[in-house]
Amino acid sequence: QVQLVESGGGLVQAGGSLRLSCATTARTFSSLFVAWFRQTPGSDRAFVAAITWSGSATDYAGSVKGRFTISRDNAKNTVYLQMNSLKPEDTAVYYCAADLRAGNYYLPSEYDYWGQGTQVTVSP
């Protein structure tokens, strides 16, 4: 069983930055494909960013490309999401997700393991 714990959310003004963390004690973490999703009330979870187990490849949703950076430190069993130039439309609950493989990595259904989510609120 893989337990994921997100942290780092909060309230920030537009144009500001936050760094989210997704940590786990799972020994298999360095083998896991990890992604961030976000969700607003009444909407499905939307893909934000993903990173391969080695960190050698990443991908981003178009709406965050150039502003957000996903990275990982396997020695610390942690994946990060650095969010810069935040906009009010980035307001959401952010979730990290992980699985051993994720062919269609932008789909929430590809992931077996989820964190509890962390709220990010961006004020105008």
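- L81 places none of its side-chain heavy atoms less than 4.5 Å from the side chain of T69.
- Using a 4.5 Å heavy-atom threshold, the side chains of M83 and V120 count as touching.
- The minimum heavy-atom distance linking V34 with A98 is given by the pair CG2-CB, 4.1 Å.
- Annotation for N84 and S17: closest pair OD1-OG, 2.9 Å, computed over non-hydrogen atoms.
- Between D99 and L32, the closest side-chain pair of non-hydrogen atoms is not below 4.5 Å.
- W114 places none of its side-chain heavy atoms less than 4.5 Å from the side chain of E6.
- Once rounded to the nearest 0.5 Å, the distance linking NZ of K65 with CG of D59 reads 5.5 Å.
- Annotation: side chain of V48 is not in contact with side chain of Y60 (no heavy-atom distance under 4.5 Å).
- Counting all heavy atoms, side chain and backbone alike, P88 lies closest to P124 at CG-CA, 4.0 Å.
- Closest approach of F47 and A61 over heavy atoms only: O-CB, 3.3 Å.
- Contact check for L86 versus F68: side-chain heavy atoms found under the 4.5 Å cut-off.
- In the hydrophobic cluster analysis, where Ile, Leu, Val, Met, Phe, Trp and Tyr join through side-chain heavy atoms closer than 4.5 angstrom, Y95 is grouped together with L107.
- Without hydrogens or angle criteria, E110 side chain to G103 main chain gives a donor-acceptor distance under 3.5 Å.
- In this structure, a donor-acceptor pair under 3.5 Å is present between the side chains of Y94 and R38.
- Within the 4.5 Å cutoff, side-chain heavy atoms of N74 are placed close to those of F29.
- One distance of note links SG of C22 with CD1 of I70; it measures 9.0 Å at 0.5 Å rounding.
- Side chain of D73 to backbone of T78: no donor-acceptor contact under 3.5 angstrom is found.
- Shown here for T121 and Q119, the closest heavy-atom pair between the two residues is OG1-NE2, 3.3 Å.
- A cation-pi arrangement is not found for R72 relative to Y80, the charged atom failing to lie both closer than 6.0 Å to the ring centre and inside a 45° cone about the ring normal.
- Inspection of the S43 and T40 side chains reveals an N or O donor paired with an N or O acceptor under 3.5 Å.
- In this structure a side-chain-to-backbone donor-acceptor pair under 3.5 Å is missing from Q82 to R19.
- L100 and V2 fall within a single hydrophobic cluster, where Ile, Leu, Val, Met, Phe, Trp and Tyr are joined by side-chain heavy atoms under 4.5 Å apart, directly or via other members.
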V93 vs R45, test: side-chain contact (heavy atoms from CB on, under 4.5 Å). Steps then yes/no.
CA-CA 9 Å; V93 177; R45 289 185 186 182; over 6 Å; no
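- Side-chain atoms of V122 and Q13, non-hydrogen and from C-beta on, never get closer than 4.5 Å to each other.
- A donor-acceptor contact shorter than 3.5 Å links the side chain of T118 to the backbone of G9.
- R67 places a side-chain N or O within 3.5 Å of a backbone atom of S85 that can act as its donor or acceptor partner.
- No side-chain N or O of N77 forms a donor-acceptor pair with one of T24 less than 3.5 Å apart.
- When each of Y113, W53, Y106, Y105 is tested with F33 by the rule ring-ring contact (aromatic ring centres under 6.0 Å, His included), just one qualifies, namely Y105.
- Counting heavy-atom neighbours within 6.0 Å of N104 CG, excluding the residue itself, gives a total above 12.
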Stepwise ring-ring contact (aromatic ring centres under 6.0 Å, His included) test for Y111 and F37
CA-CA 11 Å; Y111 299 87; F37 289 81; 5.5 Å; yes
